[in-house]
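Each chain gets a letter, A, B and so on, in the order the sequences are listed, and its residues count up from 1. It should be emphasised that the depicted structure is a prediction, and the values quoted were computed from it without experimental measurement.
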There are 2 protein chains.
Amino acid sequence: MTTRRDAVHDTLRGSSGFRSAQDVYAEMRLHGAKIGLTTVYRALQALADGGKVDVLRTDDGESVYRACATDAHHHHLVCRKCGQTVEVAGPAVERWAETVGSEHGFTEITHTVEVFGTCSSCSTPSRTA
Amino acid sequence: MTTRRDAVHDTLRGSSGFRSAQDVYAEMRLHGAKIGLTTVYRALQALADGGKVDVLRTDDGESVYRACATDAHHHHLVCRKCGQTVEVAGPAVERWAETVGSEHGFTEITHTVEVFGTCSSCSTPSRTA
DNA sequence: AAGGACTTTGACAACCGTTTTCATTTTGGC
DNA sequence: GCCAAAATGAAAACGGTTGTCAAAGTCCTT
């Protein structure tokens with residue numbers, strides 16, 4: 001059954017940012033779910049393989065996952081403080097990547113584009129109190 | 001002394017693609033260098049911190065390094081077969097990232113952009129014999 | 001319902017790249 | 001030559017991730 005996998009997917013949907021496998025595991029346990037870390041990893045991989053969630057790597061090599069609102073190709077604008085993420089399209093970037101690639105004789109072009117910044121909530125100094 | 005660090009830097013310069021710390025270490029040992037893995041890691045970090053080399057993460061979480069021809073901000077077009085890398089500029093992308101970020105109220109925008117493809121040498125089928 | 005084959009699960013160990021530790025060596029200054 | 005500070009590197013520690021494998025669950029057939 002895919003019950004566990006769905007549970008993992010649901011947990012991910014409950015968050016607006018990217019979460020690590022261990023985050024998801026911890027949260028599920030907090031909410032009383034009976035699930036093992038191994039299963040969370042497997043569910044996340046399956047979800048990622050099926051294009052149900054997006055994956056990216058943090059600077060320290062951790063894989064983080066996020067349930068995307070759309071199946072279409074898109075990129076992310078991630079707040080480096082709170083992790084809040086906005087899905088953004090970048091047609092211009094897609095074209096640029098293709099162009100740059102073919103100019104140099106490369107084929108089967110793919111690309112990774114992620115934008116980081118500090119969101120308005122986090123950039124308001126007096127908001128931390 | 002920075003002798004070891006220079007040696008690491010030189011080794012990196014001898015390659016046209018991104019190399020992992022362990023790759024660099026292995027190659028240096030092959031060429032008879034007396035150096036420890038720890039030192040290679042430290043040298044690579046120092047080089048990266050000083051902006052002397054570019055770092056990125058492979059899909060499996062390994063850090064790979066490359067000696068850049070320029071200190072200026074640029075991106076990479078990497079062959080997914082042989083690793084050959086071309087440095088590319090993308091002013092349009094820089095602007096796009098800024099625009100997208102500020103449209104959503106984000107500040108201090110940074111971005112990661114890498115383009116992957118198959119280079120002309122690697123895409124020629126009969127070249128493998 | 002019972003039996004059996006196949007799948008899923010999860011505790012735990014193994015992995016692997018990376019970082020830390022710490023004793024030793026090297027370097028530079030006096 | 002001597003001492004203090006920095007660099008080195010072997011080995012241990014670390015941390016996220018993956019593999020192992022036996023136990024549990026599921027589904028189909030009888």
Taking distance alone, no hydrogens or angles, what donor-acceptor pairs closer than 3.5 Å link side-chain atoms of residues 66-74 of chain A to residues at least two apart or in another chain?
residue	atom	partner	partner atom	Å
A:Arg66	NE	A:Ser16	O	3.1
A:Arg66	NH1	A:Glu87	OE2	2.8
A:Arg66	NH2	A:Ser16	O	3.3
A:Arg66	NH2	A:Thr85	O	3.3
A:Thr70	OG1	A:Ala72	N	2.9
A:His73	NE2	A:His75	NE2	3.3
A:His73	NE2	A:Glu94	OE1	2.9
A:His73	NE2	A:Glu94	OE2	3.4
A:His73	NE2	A:His111	NE2	3.2
A:His74	ND1	A:Ala72	O	2.7
A:His74	NE2	A:Asp54	OD2	3.1
A:His74	NE2	A:His76	NE2	3.2

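Heavy atoms from other residues, nucleotides or ligands lying under 6.0 Å from CG of B:Asp59 number 12 at most.
When the P atom of D:dG25 is taken as reference, atom NZ of A:Lys34 falls 13 Å away, rounded to whole Å. Put simply, CZ on A:Arg29 is 11 Å from C1' on C:dA11, counting in whole angstrom units. Atom-to-atom, CG of A:Asp23 to C1' of D:dT17 comes out at 15 Å; the value is rounded to the nearest Å. The interatomic distance linking B:Gln22 (CD) with C:dT19 (P) rounds to 11 Å, in whole Å. Spacing between atom OH of A:Tyr25 and atom C1' of D:dT18 amounts to 16 Å, rounded to whole angstrom units.
In this structure a side-chain-to-backbone donor-acceptor pair under 3.5 Å is missing from B:Arg5 to B:Val40. Of the possible donor and acceptor atoms, one in the side chain of B:Arg29 sits under 3.5 Å from a partner among the backbone N and O of B:Ile35.
Residues of residues 35-66 of chain A having a heavy atom closer than 4.0 Å to DNA chain C, listed by number: A:Ile35, A:Gly36, A:Thr38, A:Thr39, A:Arg42.
Using a 4.5 Å cut-off on side-chain heavy atoms (C-beta onward), B:Leu44 and B:Val8 make contact.
Using a 4.0 Å cut-off, some side-chain N or O of B:Arg4 falls inside it from OP1 or OP2 of D:dG9.
Looking at residues two or more places apart in sequence or on another chain, you find no side chain to side chain donor-acceptor pair (under 3.5 Å) involving B:His104.
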